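These values consider heavy atoms only, across backbone and side chains, with no hydrogens, waters or symmetry-generated copies. Chain A is the first sequence line, chain B the second, and so forth, proteins listed ahead of strands; every chain is numbered from 1. Not measured: the values here are computed from a predicted model.
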Amino acid sequence: MNYSDIVIDHFESPRNVAGPCSADALNGRAGSRAAGTLVEFCLEVDKGVIGHAGFRAWGCPHTIAVASWLTEQLPGKHVDEVQSLDLDHIAAQLGLPTEKWHCVLTAEDALRDATRRSLG
Amino acid sequence: MNYSDIVIDHFESPRNVAGPCSADALNGRAGSRAAGTLVEFCLEVDKGVIGHAGFRAWGCPHTIAVASWLTEQLPGKHVDEVQSLDLDHIAAQLGLPTEKWHCVLTAEDALRDATRRSLG
Amino acid sequence: MKPPIYMDYAATTPVDPRVAEKMAACLTTDGVFANPASGSHVLGRTARGYVETARRQVARLVGATPRDIVWTSGATESDNLAIKGVAHFYAEQGRHIVTSRTEHKAVLDTCAQLQREGFEVTYLVPGDDGIVSPEQVAGAIRKDTVLVSIMHVNNEIGVIQDIEAIGRVCREREVLFHVDAAQSAGKVPIDLDAMPVDLMSFSAHKVYGPKGIGALYVCSEPCAHLEPIIHGGGHERGLRSGTLPTHQIVGMGEAFRVAAEELEAEAARLTALRQRLWDGISVLGGVRCNGHPAKRAPGLLNVCFEGVEGESLLFAVRELALSSGSACTSASREASYVLRALGRPDHLAQSSLRISLGRFSTRAEVDRAIEVINAQVRRLRQIAVCPESSPVATVRDTVKKDSP
Amino acid sequence: MKPPIYMDYAATTPVDPRVAEKMAACLTTDGVFANPASGSHVLGRTARGYVETARRQVARLVGATPRDIVWTSGATESDNLAIKGVAHFYAEQGRHIVTSRTEHKAVLDTCAQLQREGFEVTYLVPGDDGIVSPEQVAGAIRKDTVLVSIMHVNNEIGVIQDIEAIGRVCREREVLFHVDAAQSAGKVPIDLDAMPVDLMSFSAHKVYGPKGIGALYVCSEPCAHLEPIIHGGGHERGLRSGTLPTHQIVGMGEAFRVAAEELEAEAARLTALRQRLWDGISVLGGVRCNGHPAKRAPGLLNVCFEGVEGESLLFAVRELALSSGSACTSASREASYVLRALGRPDHLAQSSLRISLGRFSTRAEVDRAIEVINAQVRRLRQIAVCPESSPVATVRDTVKKDSP
Ligand SMILES: Cc1ncc(COP(=O)(O)O)c(C=O)c1O
Ligand SMILES: Cc1ncc(COP(=O)(O)O)c(C=O)c1O
């Protein structure tokens, strides 16, 4: 397996590994251990805008890197925006091989799970 | 294939390779090329006693060695004696492996062929 | 980047310098390079002599008669030759074979091929400690069984099977017994003179010899008959044709000679290193040893780490060269079939590391491995989410408890 | 005793020093010793890279796509894999194979095994120059023929078959074509990209590479399907399982690389040396070249000496390391089956020497060989009796005529 520099960077020094979420933070998760990938986000949102994003991930280095990378991109974005992430762009940014697309998909699902709660 | 020192010696320096036989010499041969072994003796006999013995041989090193060695043993012997050679003794003297017994047998046959003519 | 610490001796071993030296002497114009089959000149006969010396060296390590050793290209071929050879030779007498789920692919894929040809195969499932019992074997043998094939030391989890007891069952029931000893020769004592074994596979490259050479022990008393799988020229008593690779054979001979000499001391040293490793990493908690804890080869440890994912674990500890599952399957993301046969769920099987130590492993290397593994497992656990069932907060607590 | 002059390059070649050096770098702890299948660590991946470089080197010499090259343990295994592989895969379509009487034992014994399994084999008898004509092949192909196997260069007499023409016949009739190129690769140009060949066997040790490694070219376009003969792990696209021996493969790669570079110049040099040898010994009279005088590999000469017996001849010229017949059969006293197929009577076949020159042969060695052979043949002829038909006195005259 080959890992891009950015994947290695985020894997080695993951940003924003979720500490205790404040009571009003949005929590979301997707995937399962049996499937080999499980991602969880915890977003602090103020008036629909994401302030701080944290993650946890059980999965391959790509999964961890995608989730970590996303927590840097999310702050400042409106929760509506994250309903439609540009997955191609993310995969390209992180140099994911095609067989690792499920890592992005799982992260997207986890984000949707979190924001759906705010929207729904 | 292993060759004893005495076989190598007689193979390298065969004794008494037959020159022209005198008119009254005894000639005998046995074996065939197709069988891989052919031996020929030429004995000068005076009053039943062998004076000089010569040989020719087409065959393996053992065959050449046996024939050459015999030409040294024969002079002074009476033609009657060579009717019953001690083959075991010859094979042992020359260190012949069992699968090479046919070399001695062919030589014996050639000698008998020569002496039979004198006797018969 | 400095090279990683090699802890993958079960996948292959480096060639011992003593072996490399002997091999080098059989290659170039100034060495014993001739064809051992060239009986017509002294160079060929010298090569033949080297081959026969090596045959004696291999035989000696395992208590066999040299004549019963047949050179092959490795244990894969030996396994194929033994199993197909017996199956095809005795096909008239019976078409049933007994083996186990945790055999090497060389045995399993060969059995699968025989199934395609119409043979029947019973795959025994070992206990969750990886051990196949003689009773299981006895229960599986039928009237039409012609062969039992059970490995000696498992290449993934390192457990040692009770070959003596299984062999006795086979002798009683008059069924031939094949043992894949690729992982045990030179590490665990073997005495074929006393053991009830008919066929045994060996590989040089697991014992500090070269890759691409192996041997099959074919017992001549009582006689085990085989159909060859490679024909041509009739080398090796007609059982395996092909030019004998002198340098490879000489390498295997020297490797087995050295192994015979050092087996005892090395087994003790490696057992101690393995224990040190286990003591060092088991403090992590949530760590389990795959396979029987005591019945195991000296240098091999297969450990399952709860709460971390396999690929990340392997990458995180990349300062150590080791594998998850066997080398053969480590390219695929599928969980090891051996660990699954032991009843491990996929995600735990995937979170396992096979750490195998060997002749050049040092205590400092083991200590460094403990440091790296412990730090990385803790780190990954901290990044990981909780199991689906428990709420996020609880995970954090669990992780904290385990943290230093 | 000083070592004999090596003139048995067709039996095996010494490893080129450049090859030995590359091999040595893949053995010990400081080298690329890891298992190429160990994808989980950088050491294994480095080894894999070496293996793939070697695959490209082998492919390049013979104009093949690297992907079409499968590693084996030698040409014997390659021949077995090709012939049994095709026969077993296409058994439903037909069970007839065409080959020739003068093939290597690896082909003949494999065909004999298939006959025991119920296949039919047609053995073409080459002309007395050793050449199989495309017309013969065309005449032998039947509706149920699945494979034609004809070698490129014969290992005993050195004749080169017209592979292109035979291949065209096979393509026309839609029959797979296997070529044993063990003796031709690196000596005679081969361009698989242009040649109508589906399967081709190679061996490293005939080209200054190590013994115990070979390859099979398996054309993927049009696609030739094979049943493997060695199962387990699914290495080499499932066609040949077993740990890849890096040092052996690297050795074969380097050997083929060097051969590609030097083929042309070396062929010219060896052809000249062979001609010098023939000119030198043919003055003896009663000397015949076995096999076509012109269509032959550069370094190989097989000569029949009338009036001398084979074993004595071989022993008399023991200062030269060479063989009568092929290495495989030179231990037995049976006359070479290849020479018999050419119509030579047994005693003449036995009085033949196979003299094969190679990379390290020198003009001085050839001159010495001429000296030794001429002196010994004269000497033995003098000791020999005449043919059964002629009286003793005549023999002596004949011998005298030939004497210097
Ligand atoms: C138990 C076992 N059997 C067979 C083999 C195959 O041996 P080789 O690599 O010599 O083909 C191996 C190792 O790869 C092994 O560990
Ligand atoms: C024509 C031919 N085919 C096959 C072989 C067998 O090759 P290997 O020795 O690599 O098994 C040889 C040489 O031994 C050969 O000359």
Chain C heavy atoms under 4.5 Å from [X]: which part of the residue, side chain, backbone, both or neither?
{"X": "D:Asn80", "answer": "side chain"}
{"X": "D:Thr13", "answer": "backbone"}
{"X": "D:Ala321", "answer": "both"}

Q: Just say parallel, tilted or perpendicular for the rings of D:Tyr9 and D:Tyr208, cut-offs at 30° and 60°.
A: tilted
Most heavy-atom pairs under 4.5 angstrom with chain D, which of [options]?
{"options": "C:Leu320, C:Thr76, C:Thr246, C:Leu81", "answer": "C:Thr76"}
{"options": "C:Pro14, C:Pro245, C:Ala112", "answer": "C:Pro14"}
{"options": "C:Lys211, C:His247, C:Glu227", "answer": "C:Lys211"}
{"options": "C:Thr72, C:Ile230, C:Thr12, C:Ile83", "answer": "C:Ile230"}

Q: Just grab all the salt bridge (charged side-chain N to carboxylate O under 4.0 Å, His left out) pairs involving residues 17-36 of chain C, residues at least two apart or on different chains.
A: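 Those involving residues 17-36 of chain C are C:Asp16-C:Arg18, C:Arg18-C:Glu262.
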Q) How about C:Tyr50: does its OH atom have over 12 heavy atoms from other parts shown lying under 6.0 Å from it? A) no
Q. Is there a side-chain contact between C:Arg359 and C:Val258, using heavy atoms and a 4.5 Å cut-off?
A. yes
Q. Does the D:Gln376 side chain pair with the main chain of D:Val317, one donor and one acceptor, at a distance under 3.5 Å?
A.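 No; judged by distance alone, with no hydrogens or angles, the pair does not exist.
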